[in-house]
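Chain naming here is simple, since letters A, B, ... match the order of the sequence lines and numbering starts at 1 in each.
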Number of protein chains: 2
Amino acid sequence: MNTLLDDDIANLMRALGHPVRLSILRILAQRDSDCCCTDVTQMLPLAQSTVSQHIKVLLDAGLVERHAKGTRNCYKLRTDRLAQFGSACSGLFNGLSAEPAPIKELV
Amino acid sequence: MNTLLDDDIANLMRALGHPVRLSILRILAQRDSDCCCTDVTQMLPLAQSTVSQHIKVLLDAGLVERHAKGTRNCYKLRTDRLAQFGSACSGLFNGLSAEPAPIKELV
DNA sequence: CGTATTCATCGTTAAAGAGCGATAGAAGAA
DNA sequence: TTCTTCTATCGCTCTTTAACGATGAATACG
């Protein structure tokens, strides 16, 4: 389980808080194997260095993993972490939409 | 319905991408009515101006709404928007964990 | 060997974010 | 009216982010 703290949730939110990074995740989801930085760059109107930076943000957030393949670095989603974040979000939203605390705490 | 675009999702993610703002949402969820900026500030180790800024981010993201009450401004969650964002997240994560596209599209 | 590819990193610039104190305006209280 | 409370906003500083080009290291190809 190892449920996420607010700091962790905030970090993940920030990592996903850029449309280009959402695009990168979608691209990786479709071409899940052997997708390298150049592949991603070709699908985006950005310089390679910029895409590499965005991928690094996703790497640091643990949402993506890297494995070398010859001269290329291939990336793929960390579905475990995505699922973990997904349930953390559910928990967050449920907690927020719960009724306000009553005057007395229940036993 | 009016499903959210990636830009919208990214904006919401960024709005939630700070632990203080998550705290503010939790505070509003508990004291849902008549919670003003001073109330929130008293529960956080931050200056009033800083809290006001964070609330403004949540306001601009549409996650919170304001209504004046005498000399105070009261805030409460926009549960509709939170729910909308919640399902957008579910959709996002489901889409990401879906199988990679096959060589040929199905009919 | 030399020549491409690939890509992370550096250095730079411009913009955005975070935090604070001070302040002014609005609304209630005296 | 005068005083107090509440709060959004301004001005400031410091840090972070975004984007780019250039570069060097690593691997493959010839």
Side-chain angles (χ1 to χ4, degrees), chain A residues 6-25 27-28 31-78, chain B residues 6-25 27-28 31-78:
Chain A
D6 270 6
D7 276 8
D8 304 317
I9 297 180
N11 281 335
L12 288 163
M13 291 275 188
R14 221 177 329 150
L16 296 184
H18 194 294
V20 167
R21 292 198 283 270
L22 294 180
S23 300
I24 292 175
L25 292 185
I27 291 169
L28 292 183
R31 304 207 184 170
D32 206 23
S33 59
D34 296 344
C35 190
C36 69
C37 183
T38 306
D39 296 334
V40 177
T41 303
Q42 284 171 350
M43 307 193 64
L44 295 171
L46 291 171
Q48 176 267 326
S49 57
T50 303
V51 173
S52 185
Q53 293 270 29
H54 281 299
I55 291 177
K56 181 169 170 35
V57 174
L58 295 171
L59 270 174
D60 291 345
L63 293 171
V64 148
E65 66 188 0
R66 167 163 61 195
H67 68 279
K69 183 129 187 175
T71 169
R72 302 141 44 91
N73 278 343
C74 297
Y75 297 96
K76 69 177 201 186
L77 298 182
R78 286 198 51 186
Chain B
D6 270 6
D7 276 8
D8 304 317
I9 297 178
N11 282 335
L12 288 163
M13 291 275 187
R14 221 178 327 152
L16 295 183
H18 194 293
V20 167
R21 290 198 285 270
L22 294 180
S23 299
I24 292 175
L25 291 186
I27 291 170
L28 293 184
R31 305 203 183 174
D32 206 22
S33 59
D34 295 345
C35 191
C36 70
C37 183
T38 306
D39 296 333
V40 177
T41 302
Q42 283 172 350
M43 306 192 65
L44 294 171
L46 291 171
Q48 177 267 328
S49 56
T50 304
V51 173
S52 184
Q53 293 272 28
H54 281 299
I55 292 178
K56 180 169 171 33
V57 173
L58 295 172
L59 270 175
D60 290 346
L63 293 171
V64 148
E65 64 188 2
R66 167 162 60 195
H67 67 280
K69 183 130 185 174
T71 170
R72 302 141 43 92
N73 278 342
C74 298
Y75 297 96
K76 68 177 202 186
L77 299 183
R78 286 197 51 185

### Query
Quick one: does B:R66's side chain have a donor or acceptor within less than 3.5 Å of a partner on B:K56's backbone?
no
### Query
What integer distance in Å separates B:D39:CG from D:dT5:P?
15 Å
### Query
Which value, rounded to the nearest 0.5 Å, describes the distance between A:D34 atom CG and A:K76 atom NZ?
10.0 Å
### Query
B:T50 side chain N/O closer than 4.0 Å to the phosphate oxygens (OP1, OP2) of C:dC20?
yes
#### Entry: Between D:dT7 (P) and B:L59 (CG): distance, integer Å
13 Å
### Task
Name the residue closer to the 5' end of DNA chain D, choosing between A:L46 and B:T71 according to the nucleotide with the nearest heavy atom.
B:T71
#### Entry: Side-chain-base donor-acceptor pair under 3.5 Å for B:Q48 and C:dA22
no
### Message
Can you measure B:I55 atom CD1 to C:dG19 atom P for me and round it to whole angstrom units?
### Response
14 Å
### Message
Regarding A:S52, tell me which of base, sugar-phosphate or nothing describes its non-hydrogen contacts under 4.0 Å with the strands shown.
### Response
base
### Task
Find the distance A:K69:NZ to D:dA26:C1' and express it as a whole number of Å.
18 Å
### Task
Whole angstrom is fine here: how far is it from CZ in A:R66 over to C1' in D:dT27?
15 Å
### Task
Check the distance between C:dT6's P and A:K56's NZ and give it to me in whole angstrom.
22 Å
### D:dT7 OP1/OP2 closer than 4.0 Å to side-chain N/O of B:S49
no
### Query
Between B:L28 and B:Y75, which heavy-atom pair has the shortest distance, and what is it?
CD2-O, 3.8 Å
## Note on the structure
Here the residues of residues 9-25 of chain B within 4.0 Å heavy-atom distance, strictly under, of DNA chain C are B:R14, B:H18, B:R21
### Task
Using only side-chain N and O atoms of B:H54, determine if any of them is under 4.0 Å from OP1 or OP2 of C:dG19.
yes
### Message
Using whole Å, what does the distance between atom P of nucleotide D:dT17 and atom CG of A:D60 come to?
### Response
10 Å
### Task
Please determine if a side-chain N or O atom of B:N73 lies less than 4.0 Å away from the OP1 or OP2 oxygen of D:dA8.
yes
## Note on the structure
Value for CG (B:D39) from CZ (B:R72), rounded to nearest 0.5 Å, stands at 5.5 Å
### Summary
Taken to the nearest 0.5 Å, the spacing of B:R31 CZ from B:C74 SG works out to 11.5 Å
### Separation of atom CD in B:Q53 from atom C1' in D:dT13, rounded to whole Å
14 Å
### Task
Mind checking the CG-CG spacing from A:L22 to A:L58? Nearest 0.5 Å is all I need.
9.0 Å
#### Entry: Worked verdict on B:L16 versus B:L25 for side-chain contact (heavy atoms from CB on, under 4.5 Å)
CA-CA 9 Å; B:L16 295 183; B:L25 291 186; 3.4 Å; yes
